[in-house]
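First comes the structure, then the notes that go with it.
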Amino acid sequence: MNYEDDLGAPVWDDLAPKPENDPTVDQLAQNLGDLSSTEHAVSLEHSAWSEDGGEKEDKHKEAADEEGPESSKTLLSSLAPEEDPLSDLSASNVITSPTKDDPLFSGSTKSPLRVSDSDFTARISETSLSSRKYGKPQRLFSSTRLRRHPLTDEQKKDLFVDPLAIKGTTQDDDFVDESLEYDTEQASSKQDIMQQVDAPLFKLSPRKSPNTTPHVKHIAQPDNDEELSNSSKQVEESSNEFVIEVVDPVKVGDLTSAHMEYTVWTRYQNTDNPETRVQRRYRDFRWLYRQLQSNNWGKIIPPPPEKQAVGRFKDDFIENRRFQMERMLKKIAQDAELQRDIDFVMFLTSNNFSQDSKVRENLTGSNASSDSNDISEIHISEIELLGEEDAVNVMRNGGIDESHKGFMSISFSSLPRYNEPDQFFVDQRQSADILEEQLRQLYKSLELVDTQRNELASVTEEFAQSVKPLEELEVTKEGSTLLSNFAEVHLRLKESLQRSSMQEALTLGVTIDEYLRSLGSIKATLNQRAKLGYFLMIVENDLNKKQSQLEKLNRNMKSHTDKINATTKEAQILQKRFSKIKQKWQDIGETIRQELSKHDQEKVKDFRNNMEIFLESAIESQKECIELWETFYQNNL
Amino acid sequence: MTSAIPYDPYDDIDNNPFSEPQPTSVAPEAESAVATEAQDVHEGPLTQPSEQPDLQPSQEGHVANQNSNSTTTDQAGPQSEQDDSLLPERKLNKYKLVVKVTGLERAGSVTNKKENPTIIFDVSTNLPTFRKPQHRNLRKTLDEFQNLFKFLNGAIPETFIPAIPPPRTSYGISNQEDYQRTVSNFQMWFDRLCADPLILRNEEIAFFMESDLNTYTPVGKVKLPAAGLKRKTLKQLAPPYDECIELAEFRPLVKSIHHQCQEIQLKLFKLCKLKKTLSADENGVGKGFAEIPIDVAQKHGKMYKRFGKTLTAVGDIDSVIATLDMATLHDGLEWIVQDTYVVKEAMTNRHFLMRDLLQAQQNSKFRQEQARKLRAKRDVSPLKVDEAIRQLKYATTVEHELTMKLKRTTANMLLEKQRWLDWYSAFLSTSVKEYTLRKIEYERKKLSLLERIRADVRSADENGGLSRLGRSRSTTSSDLHPSQTAHGDSWAGDARRRSQAFESDVLHTEFDDALCRDEAPASTLNPEDQHALDARNAATLLGQSTF
């Protein structure tokens, strides 16, 4: 017999006259064949396994589900019959002792897979298995022993019934096994090759709804979708499903205009084009920042990395910058308002950025291209402030404060100083200044510690190296082993030092640096308010002057009506302007308050987290150090 | 006249205060050889060559027998007889000198304080060179020690004089640690000195100890075989042929140990300096953290302050560790460095001795030739003959002296070499051991400091910190036991038995006061609570490996 080819062939030698078992064996084989052709899996029932089913994904609900359970049920019941198969094994009808000519493993021996015709027909009628929740457990592998005398009915009732198998184990929770007949599946299905390529590598069985463990409280109902997205490699899932990465720095351009270009890769699940990739350079990021500042007054915009003229192409610097820019974009994407900003979307998607950016800049009058390194220096766009028409007029006249600018920016009258009426903002500004000072100090000292730790690491290595020649002299054997282990310990210490300093720099250093830059953003918002207030005062001044002018004209009978009209009109314009600016000024006050409180909370949490990480890593490296020395001591001294 | 000390025929120390330096104590057969030579000068050329080969094999015999029975008192064969007679001092371990250092004083000007302390010690001995067997509270300054040392170096070329320990340690002179260290160093030095019988016999020791404070200068003349420029030029030449292979290899070994240890010292010094600057910067970081809440009403002001203070304390501990490193290993290496130098120089002296011997041999050959030539001549003037005989006698005497001296030196040095090597490895491992122990102690202190602040940092967050991510809020008090307890570290697999004092040592640091100043007195955990069984502890206990 060729056992490889014919899977349906009975395994045991069939030379002996086949007893009633044979047709059932054939039927078994046929069943298997059926199963494979209909692409259905064998279902085995095991109450414990159905809990595992909770992890399977609910992707593919097989269409031909109805057929499956039927035939599978029959096989199931044949494999794990309700009644104890061994119960039929009584002393009376078991033993036909093999005679001399009989093959050793013949079909006459009772196999555990005893399926009898009677069983079969009986089973098929019991398809209402699933509805019976409180039926006897279907035991697959019966651990009952062979009984000389079959159990009486009374004794059967006393048999232990597995409670877990009773409740909730519906057909739906069956452990659905993968079909092993893989090749035939592919051959028979007429799937497109592209679909096949995209199809998952292994078919996962249909996952049934998780109602398996009724006794256990459901702690959380994990949503399948979120699980999916969490399992992917992307970091920073926002509530609006933005995934942004800044990757792939590439040096572009010739010697004079060389710069790095980065690829910004976005996955945005709410629009039609789910993925975009664009090339951007650092300057563009700063443009974005300025635009956002100009569009959203009072909002604390996540800050970009600092400018640097020299050392732009070093690897560390590039990596640092890339990381900071990525963080900036991610933070912007997380904020509900900012992520809808037109400029942001354009930044992420536009393929013609240089033109688009210029257009937007002109449209909003934000002056974004001229940005100083200090992100707290801001420019108030008149268009934003006053609306288009008025702004055009104003700009033609040289700005709101034109009357004070004078010829060649020499003002003849003293500029009104803006005094912030609300103490809150004054305090905030002060505290921001102080905090900045302190954080800078802290950052500097951390950097110092970092560089020194690295130096310490290298000197430790030198020290270890210098011990080696002494060890090589081999004055005494124990002395040499002692010295070599000593050197070894120092080398390991050095590595751990390097690791810890790098980690510190990456966690605490990064956070402090970011915090410092966001302080710049905070100051920018305060400056915005200050500037608005300043404009407000100027316009108020102008308005007052105009009004007094108007009054004078009105009092003076000799004045012309058109002059009066003109003045009245101007006064009205100024009035409108005034109210607009005032409104904006108040709005920005509100926004700043909200932003500041939110920002504070976040930052404090972040900071504390980093402190904890710092502390824990320090503790761990201490433990490592102690362990090293203790083992050295034990082994050598 | 009768003296208080009974006559001891086997006594080899001449306690005659009026004696003059004799040719050194020589072996009986060497004396007899000299006597026979003096008698038959004419048979000189015959006997000399016969004795030369005699001496040669006997020297080789020495080398072979050296390690076996050099200090036995039985006179087994002619060769062991020669050993013992070469080093009669080692034959009888009769003389003992016990010195106990009781104290140290630093007085005078600043430099005097640092470099010239006064050692106070007690002496008890049975050496005849001493006037009294017991002396108490002898005081000697370091300068006097150094004078003694210089003398001994020149006077006893056969042995290695231990180098004088440095006058102060890296702890700084106003430190109790420094006091103890220096005292124990000098004790060690005295012990080594007293273990060497050749040194003991020297009367200078007696003079040294019995003289008044600050008045000692060596009575004998301090002479070295070669000094200064002559020494340097002689060193440049290749060393003479040395039959004793062990000793021939020993000198370069010692020299490389010397240089290597110096290298290590340098690197160690650099390391420690760097650590000190690092600790200063860590202090800066701590300060930075502590200052954050000032003027800015932060929620967790207290946490920041404490965190900062802890980091500052950690920085302080780092600087303490650096000092300790220096004091343990660096100072230990220092002593090794100096000692190796002395050993190296002693071996160089031996080389000089060998050179002198060669020259003396050449000289006596020359005189023999002269004598022979004179014999062959007709013109025999009695004056000339007398002269030739005298010169020949003198030359051979000198040669024999030198030969014996060299033999003695070689024999002794072979012994000493082994002892020195033992001392060296023991001392090195002691230094490293101390270094390690101190380091462990202070690293553990650092750990306990860091762990203390854990609770604060974690509690500053509503969720109990990042450590509780994903876990529901349960009692967190069990997490905050210190991880180093008397029953072993919580992170190590094997439970190390430790003394009860351990916890108080490690968990309390000298910075506790500074840290606890603004804290409410923390409730100390009831020690029983630590071992109370809860589920987690039980699991941990079960999970600990026992192998």
Side-chain angles (χ1 to χ4, degrees), chain A residues 219 430-431 434-435 438-439 441-446 448-449 452-453 455-456 459-460 462-467 469-473 475-476 478-479 482-483 486 489-490 600-601 604-605 607-609 611-616 618-620 622-627 629-630 632-634 636-637, chain B residues 253 256-257 260-261 263-264 266-268 270-271 274-275 277-278 281-282 284-285 287-289 291-292 294-300 303-304 307 310 314 421-422 424-425 428-429 432-433 436-437 439-440 443-444 446-447 450-451 453-454 457-458 460-461 465-467 483-484 489 491-492 496:
Chain A
I219 297 187
Q430 245 182 356
S431 60
I434 293 176
L435 198 59
Q438 288 172 339
L439 282 183
Q441 265 305 92
L442 190 58
Y443 189 65
K444 250 189 260 177
S445 18
L446 272 177
L448 256 181
V449 170
Q452 283 193 339
R453 282 231 176 100
E455 241 187 87
L456 191 67
V459 174
T460 312
E462 271 178 40
F463 176 69
Q465 297 298 348
S466 72
V467 172
L470 190 61
E471 171 222 334
E472 278 161 18
L473 283 179
V475 177
T476 56
E478 310 86 26
L482 175 76
L483 286 171
F486 191 63
V489 166
H490 277 282
D600 267 344
Q601 275 180 357
V604 165
K605 205 162 87 133
F607 207 63
R608 193 214 69 82
N609 280 347
M611 273 167 72
E612 184 169 349
I613 292 178
F614 171 76
L615 183 66
E616 293 294 331
I619 289 180
E620 285 307 312
Q622 267 308 105
K623 287 187 183 170
E624 189 185 340
C625 175
I626 291 178
E627 196 54 37
W629 283 112
E630 285 274 359
F632 171 69
Y633 184 74
Q634 268 184 352
N636 291 296
L637 298 166
Chain B
L253 178 69
S256 20
I257 292 182
Q260 288 310 325
C261 286
E263 279 284 321
I264 298 181
L266 265 177
K267 289 287 154 48
L268 186 61
K270 208 166 141 190
L271 195 63
L274 201 54
K275 271 197 197 160
T277 41
L278 178 65
D281 290 328
E282 281 181 351
V285 171
K287 211 162 76 105
F289 267 111
E291 278 177 358
I292 286 180
I294 297 179
D295 289 343
V296 180
Q298 292 264 4
K299 274 198 294 185
H300 310 301
M303 171 188 88
Y304 282 115
F307 193 74
T310 312
V314 163
L421 282 176
D422 293 336
Y424 161 76
S425 62
L428 187 64
S429 70
V432 172
K433 181 176 177 180
T436 314
L437 277 177
K439 207 182 244 306
I440 292 181
E443 296 281 354
R444 282 187 184 277
K446 229 206 274 187
L447 181 63
L450 285 174
E451 281 187 340
I453 195 90
R454 233 188 199 177
V457 171
R458 281 192 190 171
D461 190 29
L466 293 172
S467 65
S483 64
Q484 313 166 78
D489 304 319
W491 70 87
R496 299 194 176 104

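In what follows, chains carry the letters A, B, and so on, assigned in the order in which the sequence lines appear, proteins first and then strands, with residues in each chain numbered from 1.
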### Task
Keeping the roles fixed (side chain from B:Glu451, backbone from A:Ile619), state whether a donor-acceptor pair exists under 3.5 Å.
no

Could you tell me which non-hydrogen atom of [X] sits nearest to which non-hydrogen atom of [Y], and how far apart they are?
{"X": "A:Leu442", "Y": "B:Val285", "result": "CD1-O, 3.6 Å"}
{"X": "A:Ser466", "Y": "B:Lys267", "result": "OG-CG, 3.8 Å"}
{"X": "A:Leu456", "Y": "B:Lys275", "result": "CD1-CG, 3.7 Å"}

## Note on the structure
chain B shares the most heavy-atom pairs under 4.5 Å, among A:Lys444, A:Gln430, A:Gln465, A:Arg453, with A:Arg453

### Message
Please identify, among A:Ile613, A:Asn636, A:Leu448, the residue contributing the most non-hydrogen atom pairs under 4.5 Å to chain B.
### Response
A:Leu448

In Å, rounded to the nearest 0.5 Å, how long is the span from [atom1] of [X] to [atom2] of [Y]?
{"X": "A:Cys625", "Y": "B:Glu443", "atom1": "SG", "atom2": "CD", "answer": "3.5 Å"}
{"X": "A:Leu615", "Y": "B:Ile453", "atom1": "CG", "atom2": "CD1", "answer": "7.5 Å"}
{"X": "A:Glu616", "Y": "B:Leu450", "atom1": "CD", "atom2": "CG", "answer": "9.5 Å"}
{"X": "B:Leu268", "Y": "A:His490", "atom1": "CG", "atom2": "NE2", "answer": "8.0 Å"}

Under 4.5 Å from a heavy atom of chain A, the part of [X] involved:
{"X": "B:Leu437", "answer": "side chain"}
{"X": "B:Phe289", "answer": "both"}
{"X": "B:Lys433", "answer": "both"}
{"X": "B:Lys287", "answer": "neither"}

Student check: side-chain heavy atoms of [X] and [Y] closer than 4.5 Å:
{"X": "A:Glu630", "Y": "B:Arg444", "result": "yes"}
{"X": "A:Gln452", "Y": "B:Glu282", "result": "no"}
{"X": "A:Phe632", "Y": "B:Ile440", "result": "no"}

### Query
Is a salt bridge present between A:Glu455 and B:Lys270, judged by a nitrogen-to-oxygen distance below 4.0 Å?
no

Segment of [X] engaging chain B (4.5 angstrom heavy-atom cut-off):
{"X": "A:Phe463", "answer": "both"}
{"X": "A:Leu482", "answer": "side chain"}
{"X": "A:Tyr443", "answer": "neither"}

#### Entry: Largest heavy-atom contact set with chain A, pairs under 4.5 Å, which of B:Met303, B:Glu263, B:Lys439
B:Lys439

## Note on the structure
Among B:Val314, B:Val432, B:Leu421, B:Asp422, the residue with the most heavy-atom pairs under 4.5 Å to chain A is B:Val432

